[in-house]
Protein chains: 2
Amino acid sequence: MRAAAALKRFESFLREKNLRMTEQRKAILLLAWDTHDHFSADEIYAWVRDQDASASRATVYRTLALLVEGGFLASLQDARGMTLYEHILGHSHHDHMVCLGCGKILEFRNEAIEALQEQVASQHRFHMVRHELRLEGYCAGCEPPTETEV
Amino acid sequence: MRAAAALKRFESFLREKNLRMTEQRKAILLLAWDTHDHFSADEIYAWVRDQDASASRATVYRTLALLVEGGFLASLQDARGMTLYEHILGHSHHDHMVCLGCGKILEFRNEAIEALQEQVASQHRFHMVRHELRLEGYCAGCEPPTETEV
DNA sequence: CTAGTTGCAAAGGATTTGCAACTGA
DNA sequence: TCAGTTGCAAATCCTTTGCAACTAG
């Protein structure tokens with residue numbers, strides 16, 4: 001989904017909740033749509049500050065929470081447990097491989113795994129609303145550490 | 001694996017790294033083996049304090065990190081993002097369903113999902129060392145929130 | 001107008017760290 | 001003995017919150 005369309009959806013989302021569209025909220029949504037990478041709260045805060053030096057971290061965190069709630073962004077954890085975000089509206093769900101060497105995050109989607117998750121959940125009469133699958137290891141460019149490096 | 005066996009392994013692990021077995025480390029390992037539930041750093045700290053009122057949180061955190069490194073414990077995130085631990089040595093790997101209603105954590109294991117993960121990783125020339133699969137939703141005893149409750 | 005929003009600064013909560021006193025091997 | 005360990009308190013890091021001044025609708 002393009003940024004303009006996402007923005008329209010965000011406006012509807014806010015209207016339905018009797019919340020207001022503000023300059024900061026608009027800027028944060030657009031910045032999130034501008035990157036195809038995963039970003040941290042602090043990174044997007046820096047980008048917001050580039051546009052508006054008076055913006056606060058508080059607003060960034062409040063807006064990120066809204067965007068996650070509305071299904072615009074998804075959050076995930078990087079190798080060190082830090083929260084990262086990515087825009088997902090209009091994108092198909094995917095899972096992540098996190099490289100413990102360089103920190104790079106690879107995305108993948110596997111229909112069979114998705115289907116099996118649904119199956120497992122329903123077997124346990126569990127009403128699944130989301131899931132997170134993270135594979136940790138070393139990407140093609142990074143060697144796993146050897147015994148002696150420990 | 002029984003507590004006594006785990007303790008022996010912990011001793012070997014420490015010896016190999018030129019670290020020492022201490023009363024606190026022993027107590028923490030045994031307490032971790034005493035529960036079949038997931039526990040937080042603060043919970044095990046409270047249990048340690050029951051035995052030795054002078055023990056410190058710092059030691060608990062340091063020891064938990066050691067136990068995770070040695071493959072004695074695994075860590076996972078609960079519904080609120082808090083880190084929980086569980087003892088895993090000698091237990092087969094499993095994944096988790098986290099109830100957003102009551103916080104309960106259900107365990108499951110699905111061979112097909114495990115196999116597919118391996119397959120996906122190797123397709124991407126990714127050397128997987130561990131993975132975490134978490135399904136979030138509502139367990140059989142908890143109703144999903146309705147629209148109006150939001 | 002006025003409920004919702006913001007920036008600020010302070011609070012929060014989990015975890016880590018520096019350090020001097022201890023202790024296991 | 002002496003490198004490794006501990007408890008303490010302070011420090012960190014990320015995130016949330018109270019509040020008075022703003023602002024969208």
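Fair warning: this is a prediction, and the values are worked out from it, not measured in the lab. Order of the sequence lines sets the chain letters (A, B, ...), proteins ahead of strands, with each chain counted from 1.
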Is a donor from one side chain sitting under 3.5 angstrom from an acceptor on the other, for B:R49 and B:Y45?
yes
Taken to the nearest whole Å, CG/A:N18 to C1'/D:dA24 is 13 Å
Checking B:H93 against B:D95 for the side-chain hydrogen bond (donor to acceptor under 3.5 Å, both in side chains) test, could you report, in this order, the C-alpha distance in whole Å, the side-chain angles of both residues, the deciding distance, and whether it holds?
CA-CA 7 Å; B:H93 166 79; B:D95 297 305; 3.1 Å; yes
Would you call the rings of B:W33 and B:H87 parallel, tilted or perpendicular, taking 30° and 60° as the class edges?
parallel
Can you list, in residue-number order, the parts of residues 49-63 of chain B that come under 4.0 Å of DNA chain D, counting heavy atoms only?
B:S54, B:A55, B:S56, B:A58, B:T59, B:R62
Select base, sugar-phosphate, or nothing to describe what A:D42 touches, counting heavy atoms under 4.0 Å on all strands.
nothing
Protein-nucleotide distance (B:R15, atom CZ; D:dG4, atom C1'), rounded to Å
16 Å
Round to the nearest Å and state the distance from A:M82 atom CE to C:dT15 atom C1'.
15 Å
Do A:H91 and A:E107 pass the side-chain hydrogen bond (donor to acceptor under 3.5 Å, both in side chains) test, and can you show the C-alpha distance, the side-chain angles, and the key distance before you say yes or no?
CA-CA 12 Å; A:H91 291 248; A:E107 302 183 346; over 6 Å; no
Sort out for me which residue in B:E132, B:H38, B:R134 forms a side-chain hydrogen bond (donor to acceptor under 3.5 Å, both in side chains) with B:H96.
B:H38
For B:L64 and C:dT16, what is the distance between atoms CG and P respectively, to the nearest whole Å?
10 Å
Check the distance between D:dT15's P and A:I44's CD1 and give it to me in whole angstrom.
13 Å
Rounded to the Å, how far apart are A:Q77 CD and C:dA14 C1'?
14 Å
So that I can tick it off, tell me whether A:R25 and A:E11 are bridged by a salt bridge, with the cut-off set at under 4.0 angstrom between side-chain N and carboxylate O.
no
For the pair A:F72 and A:F13, name the ring-plane relationship: parallel under 30°, tilted 30 to 60°, perpendicular over 60°.
perpendicular
Are A:T22 and C:dT6 close enough that a side-chain N or O sits under 4.0 Å from OP1 or OP2?
yes
Report the residue (B:L19 or A:L19) whose heavy-atom-nearest nucleotide on DNA chain C is the more 5′ of the two.
A:L19
What is the distance from CG of A:L14 to C1' of C:dT5, rounded to the nearest Å?
12 Å
Would you say A:T83 places a side-chain N or O within less than 4.0 Å of OP1 or OP2 belonging to D:dT15?
yes
Integer-rounded Å distance: C:dT5 C1' and A:F10 CZ
12 Å
Within the structure, does a side-chain N or O atom of A:Q24 lie under 4.0 Å from either OP1 or OP2 of D:dT23?
no
Closest approach to the side chain of A:R20, judged atom by atom: which nucleotide of C:dG24, D:dC14, D:dG25 is it?
D:dG25
